[in-house]
Structure formats: C-alpha cells, structure tokens
Amino acid sequence: MSMEESKKLVAEKGLRHIAFIMDGNGRWARKRGLPREFGHKTGAATFKKVISYCYECGIKCVTVYAFSTENWKRSEREVTALMTLFSAYLDDAYSDLSKNNIRIIFLGDRARLPSLLVKKIESLEKKTEQGDKILNIALNYGSRDEILHAVNSLLKEGANEVSEEEFSKRLYTAASPDPDLVVRTAGEQRLSNFLLWQAAYSEFYYTDTLWPDMNDEELDRAFAAFGGRVRRYGAVVE
Ligand code: FPP
C-alpha cells in the first residue's frame, strides 16, 4: 500500500487513534553487539518518523508507551539513558508540534519523575494545548495504576456511582478517543498493563519487526490489516 492508499483507508475506516507498544529496542542493540541504550536512541528516532507518518496519513491521535511503572526495575544506567532521551525530546519537540498543530499530553504518574523533566512536560503541554491533533506519551504509566488513581479521586469526592463516560474522563487519556488500533512490535503478543480500559474494543496488530526497524511500509501493513477487520462491538454484523 502507498501513502495515498493509507490516507484513504484511514479516512474511510475511521482510524482516529493508533497506539504503539514500542518493543524490541534491547534486542535490536544486542543483535549489533551494542549496549541497550543504543537501541533506545535509535528507537527515539524511529518514534519521530512513525508519528509523523501517522499524522500525514490523517490519524488524529497517536499514543506511545515510552516507559512503564515496571521499567524502573531496569539498570540505573538504562533508566538514566531513557530519561535523558525523553528530556532531549522535550527540549526540541516544540517547533515540530506547533508546526503540525499537535497537542502533546503525558500519561502517567509524574510523582516519581525527575522534577526538571516534570517542569519541561508541563511547559510543553501548556504551549501546545490548542493543537487539534493529539500525541500521548505514556511515561511512568501503568494502566492499573491509572484506574486506581481514577477510582481513588472519585472516592475522595464522595462518588458512589459513576458512568463509563464519567470514569473515562478521570483517566489520563481523558482528551483522547479510545484507541482503534494497538500495534505491538518485536513479536510479543500481550498488553503489558497498557490502556486496559481504553482498549476494550481496539483491534490489535502484531509484527516481528523490532521497534527501531519500524517504517512506513510496516505501518501501511498495519493500516491494511485494520482495514480488513470487521468491528462488531459485541453485535452481529451481517
Ligand atoms: C521496550 O523495548 C522499549 C522501552 C522500554 C523504551 C521505549 C522508548 C523509546 C522507543 C524511546 C522513545 C522516545 C521518546 C522521545 C518518546 P525493550 O528495551 O524492552 O526491548 P527488548 O524487549 O528487546 O529488550
């Protein structure tokens, strides 16, 4: 499929929100005899190319899983390398985001993040607040943590019954529609505590491609697979 065909498919099939589990950076580096950090560095460059292609194809909302609540268990060296990459991205993302009218939102618990990083996050979120497209970066994100955070905030306010809509508004993803398509790279087929509530009716696409090798052709294949799915939402479609 070409970009033109992907654009058409995105519009016709209503692909509004795509979410990525960016897996395989470590394996990509190991295959080359490099330290894991190199995989993340290349993965960060891939992330920029991937999101740019998605927006070019007309997708309005992109979410990436950049760092989970469990990723703190990795070596200090790897965690520091990742935080440094996020910080560098925050430093230079503004011009691209504003040019393309993209609003950036960070999903996750900020309490454990370095305070300078939190300052940069808040400033970039504020500066891009008017954007008509969304980029969600899940950072120190865990879906169970997110759900409990929502429940506890409702309990504190004395709520004793809530609707699905009200509950969704308490999640970090309040500004986004539910994901239509969740893509996971590097051959793993699990959700790993990502968007558990939001992905209730999402389509899934798995590929063996390692995240740093992800490219436009592979994205076209993911869109084409989505185009071939019949979304029933529990109903019967003749
Ligand atoms: C999983 O691969 C990947 C991560 C835990 C980090 C993802 C982060 C990036 C791609 C950088 C994104 C950058 C920005 C600016 C948002 P893994 O390390 O678990 O790979 P493995 O399973 O092969 O070891």
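All heavy atoms count here, side chains included; hydrogens, waters and symmetry mates do not.
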Quick check for you: to the nearest 0.5 Å, what is the distance between [X] atom [atom1] and [Y] atom [atom2]?
| X | Y | atom1 | atom2 | answer |
| --- | --- | --- | --- | --- |
| Leu113 | Leu139 | CG | CG | 5.0 Å |
| Leu195 | Leu171 | CG | CG | 9.5 Å |
| Leu124 | Leu97 | CG | CG | 5.5 Å |
| Tyr206 | Gln189 | OH | CD | 5.5 Å |

| query | Are the aromatic rings of Trp28 and Phe38 close, with centres under 6.0 Å apart? | reply |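 That pair fails the under 6.0 Å test.
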
| query | Are Tyr141 and Phe106 close enough that their ring centres sit under 6.0 Å apart? | reply |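 Ring-ring flag for Tyr141/Phe106: false, centres at least 6.0 Å apart.
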
ILVMFWY cluster, [X] and [Y] together (side-chain gap under 4.5 Å):
| X | Y | result |
| --- | --- | --- |
| Ile59 | Phe226 | yes |
| Ile121 | Tyr65 | no |
| Val64 | Leu15 | yes |
| Leu181 | Ile137 | yes |
| Ile18 | Tyr205 | yes |

Are the charged groups of [X] and [Y] less than 4.0 angstrom apart, N to O?
| X | Y | result |
| --- | --- | --- |
| Glu218 | Arg221 | yes |
| Arg103 | Glu129 | no |
| Asp180 | Arg231 | yes |
| Arg110 | Glu125 | yes |

| message | Is there a side-chain contact between His149 and Asp109 in this structure, where contact means two heavy atoms from C-beta onward sitting under 4.5 Å apart? | response |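 Not touching, per the 4.5 Å side-chain cut-off.
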
| query | Hey, are the side chains of Thr69 and Arg144 touching, using non-hydrogen atoms and a 4.5 Å cut-off? | reply |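 No, too far: nothing below the 4.5 Å cut-off.
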
Is there a donor-acceptor pair under 3.5 Å between the side chain of [X] and the backbone N or O of [Y]?
| X | Y | answer |
| --- | --- | --- |
| Thr63 | Ala19 | no |
| Ser168 | Glu164 | yes |
| Asn215 | Glu217 | yes |
| Thr128 | Ile104 | yes |
| Thr46 | Pro212 | yes |
| Tyr55 | Asn101 | no |
| Glu188 | Asp23 | no |
| Ser202 | Val182 | no |
| His40 | Leu82 | no |
| Lys133 | Cys61 | no |

| Candidate pair Ser6 and Glu56, rule side-chain contact (heavy atoms from CB on, under 4.5 Å), full reasoning | CA-CA 10 Å; Ser6 282; Glu56 274 182 75; over 6 Å; no

| field | Other residues, nucleotides, ligands: >12 heavy atoms within 6.0 Å of Lys41 NZ | value |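 Check fails, neighbour count at 12 or below.
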
| said: Just checking Glu76: does its CD atom have more than 12 heavy atoms from other residues, nucleotides or ligands closer to it than 6.0 angstrom? | reply: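 No, not enclosed.
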
| request: Check ring-ring contact (aromatic ring centres under 6.0 Å, His included) between Phe67 and all other residues, then give those that pass, not counting sequence neighbours. | output: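 Per chain and number, Phe67 pairs via ring-ring contact (aromatic ring centres under 6.0 Å, His included) with Trp72.
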
| message | As a quick check of understanding, evaluate ring-ring contact (aromatic ring centres under 6.0 Å, His included) for Phe47 and Trp211, giving each step before the final call. | response | CA-CA 8 Å; Phe47 148 79; Trp211 177 259; 7.8 Å; no

Considering all heavy atoms, the nearest [X]-[Y] contact:
| X | Y | answer |
| --- | --- | --- |
| Val230 | Glu203 | O-OE2, 4.4 Å |
| Arg36 | Gly26 | NH1-CA, 3.5 Å |
| Leu210 | Ala186 | CD2-CB, 3.7 Å |
| Phe223 | Cys57 | CE1-SG, 4.0 Å |
| Asn25 | Gly43 | OD1-CA, 4.1 Å |
| Arg32 | Asp213 | NH2-OD1, 4.2 Å |

| field | Cluster companions of Leu116 among Ile, Leu, Val, Met, Phe, Trp, Tyr (side-chain spacing under 4.5 Å) | value |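 ILVMFWY cluster around Leu116 holds nothing else.
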
| Can Lys127 be said to sit on top of Tyr94's aromatic six-ring, NZ or CZ under 6.0 Å from centre and within 45° of the ring axis? |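 Output yes; distance and angle both within limits.
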
| task | State which residues pass side chain to side chain contact (heavy atoms under 4.5 Å, CB included) with Glu4; sequence neighbours excluded, sorted by chain then number. | result |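 Partners of Glu4 under the side chain to side chain contact (heavy atoms under 4.5 Å, CB included) test: Ser2, Lys7.
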
| said: As a quick check of understanding, evaluate side-chain contact (heavy atoms from CB on, under 4.5 Å) for Leu191 and Phe204, giving each step before the final call. | reply: CA-CA 10 Å; Leu191 211 39; Phe204 287 83; 3.5 Å; yes

